[in-house]
Amino acid sequence: DWKEYINKTCLEVTCGEAPFLTSRYDTTTGQMIAVPDRIGLLDRKLNVLAEQFHDYDMWMCWAISAYASTYGYEWQGDSLLFARANMLLTWRENFKWLFGIEPDAGKVRNMAAIISWNVWQMDGLKKTVPGTDIPCKIKDWKADKEILFKDVM
């Protein structure tokens with residue numbers, strides 16, 4: 001069912017710019033891809049929501065759920081920045097495509113906070129902050145608490 005699909009937890013390991021999660025542009029040509037033609041995991045979740053809702057509040061509620069259940073990690077800081085930006089811009093572009101307006105600053109901050117928690121910098125072999133022995137924490141949104149990534153895997 002579509003609700004289960006939206007809430008399905010996924011993780012893109014060594015996510016780079018997060019092309020598995022969102023396909024904003026063709027990685028070989030750099031050409032932008034139209035919102036309805038995107039094929040990343042989040043793109044597909046947002047397409048399902050576009051089919052389900054034309055109501056702003058319900059779409060927003062479920063978009064938050066889609067993002068809260070989608071995770072990725074990257075070792076390199078510059079790639080992490082691109083991954084986070086691609087995810088935030090994907091949400092913004094879908095919002096604008098559906099509703100014809102820009103999201104307000106509060107909604108942008110809320111989505112950026114979710115993305116910041118769910119896409120983080122990590123040494124995937126040690127499950128630590130790169131170059132340290134500090135274990136990485138992620139957010140369990142359903143339980144509304146921080147947890148160690150190593151305890152999840």
Side-chain angles (χ1 to χ4, degrees), residues 1-74 77-122 124 127 136-153:
D1 111 300
W2 69 268
K3 293 176 184 177
E4 192 174 303
Y5 177 69
I6 298 302
N7 288 317
K8 182 85 172 157
T9 301
C10 73
L11 168 68
E12 184 177 8
V13 298
T14 62
C15 67
E17 296 179 17
F20 174 75
L21 300 177
T22 179
S23 60
R24 294 185 60 241
Y25 50 85
D26 183 315
T27 56
T28 59
T29 66
Q31 295 295 314
M32 292 299 294
I33 299 172
V35 169
D37 298 331
R38 296 177 183 178
I39 59 170
L41 179 72
L42 274 171
D43 300 316
R44 288 179 286 169
K45 286 184 175 189
L46 294 174
N47 283 340
V48 167
L49 296 181
E51 292 170 4
Q52 294 294 321
F53 301 108
H54 299 289
D55 173 79
Y56 167 90
D57 291 324
M58 289 302 293
W59 182 89
M60 190 64 208
C61 176
W62 281 96
I64 288 170
S65 293
Y67 273 75
S69 64
T70 305
Y71 296 85
Y73 68 81
E74 174 56 43
D78 56 348
S79 294
L80 175 67
L81 175 66
F82 282 122
R84 288 175 170 175
N86 282 331
M87 291 177 68
L88 185 61
L89 289 169
T90 291
W91 168 78
R92 179 192 154 269
E93 290 160 352
N94 273 269
F95 187 98
K96 190 170 182 180
W97 178 69
L98 284 169
F99 303 110
I101 59 172
E102 291 287 343
D104 67 55
K107 288 184 178 31
V108 173
R109 279 191 298 276
N110 184 46
M111 191 57 72
I114 293 169
I115 293 166
S116 293
W117 269 105
N118 284 26
V119 183
W120 70 97
Q121 190 172 22
M122 182 173 82
K127 297 182 177 73
C136 287
K137 291 182 180 180
I138 61 171
K139 181 106 175 200
D140 178 340
W141 295 98
K142 292 177 179 101
D144 193 27
K145 67 179 184 175
E146 296 175 22
I147 56 176
L148 294 177
F149 179 74
K150 69 179 183 153
D151 293 341
V152 177
M153 300 309 288

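Treat the numbers as computed from the prediction; the structure is a model and nothing was measured. Just so you know, these numbers use all the heavy atoms, side chains as well, and skip hydrogens, waters and symmetry mates.
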With a 4.5 Å heavy-atom cut-off, do [X] and [Y] have their side chains touching?
X	Y	answer
Trp59	Asn94	yes
Trp117	Glu146	yes
Tyr25	Asn86	yes
Leu41	Glu12	no
Met87	Leu21	yes
Thr9	Leu11	no
Ile138	Met122	no
Leu46	Trp97	no

Euclidean distance, [Y] [atom2] relative to [X] [atom1], rounded to 0.5 Å:
X	Y	atom1	atom2	answer
Thr90	Arg38	OG1	CZ	5.0 Å
Lys45	Asn7	NZ	CG	7.0 Å
Trp91	Ile114	CH2	CD1	9.5 Å
Trp2	Glu51	CH2	CD	11.0 Å
Lys137	Ile147	NZ	CD1	11.5 Å
Leu49	Tyr5	CG	OH	10.0 Å

*Please walk me through it: do Asp43 and Ser23 pass side-chain hydrogen bond (donor to acceptor under 3.5 Å, both in side chains)?*
CA-CA 7 Å; Asp43 300 316; Ser23 60; 3.2 Å; yes

For [X] against [Y], the heavy-atom pair lying closest together:
X	Y	answer
Asn47	Pro36	ND2-O, 3.9 Å
Ile39	Arg44	O-NE, 3.1 Å
Ala66	Leu42	O-CD2, 3.9 Å
Phe99	His54	CE2-O, 3.8 Å
Cys15	Ala83	SG-CB, 4.1 Å
Ser116	Arg84	O-NH2, 3.0 Å

Between the main-chain N or O of [Y] and the side-chain N or O of [X], is there a donor-acceptor pair closer than 3.5 Å?
X	Y	answer
Ser69	Ile6	yes
Asp37	Ile33	no
Asn118	Thr70	yes

*Decide if atom CG of Leu81 counts as having more than 12 heavy atoms of other residues, nucleotides or ligands within a radius under 6.0 Å.*
yes

*So does Phe82 have more than 12 non-hydrogen atoms from other groups sitting under 6.0 Å from CZ?*
no

*For Glu74 and Val119, run side chain to side chain contact (heavy atoms under 4.5 Å, CB included): C-alpha distance rounded to whole Å, both residues' side-chain angles, the deciding distance at 0.1 Å, then the answer.*
CA-CA 8 Å; Glu74 174 56 43; Val119 183; over 6 Å; no

*Taking the six-membered ring for Trp, are Tyr73 and Trp120 parallel (under 30°), tilted (30 to 60°) or perpendicular (over 60°)?*
tilted

*Is there a donor-acceptor contact under 3.5 Å linking the side chains of Gln52 and Trp62?*
no

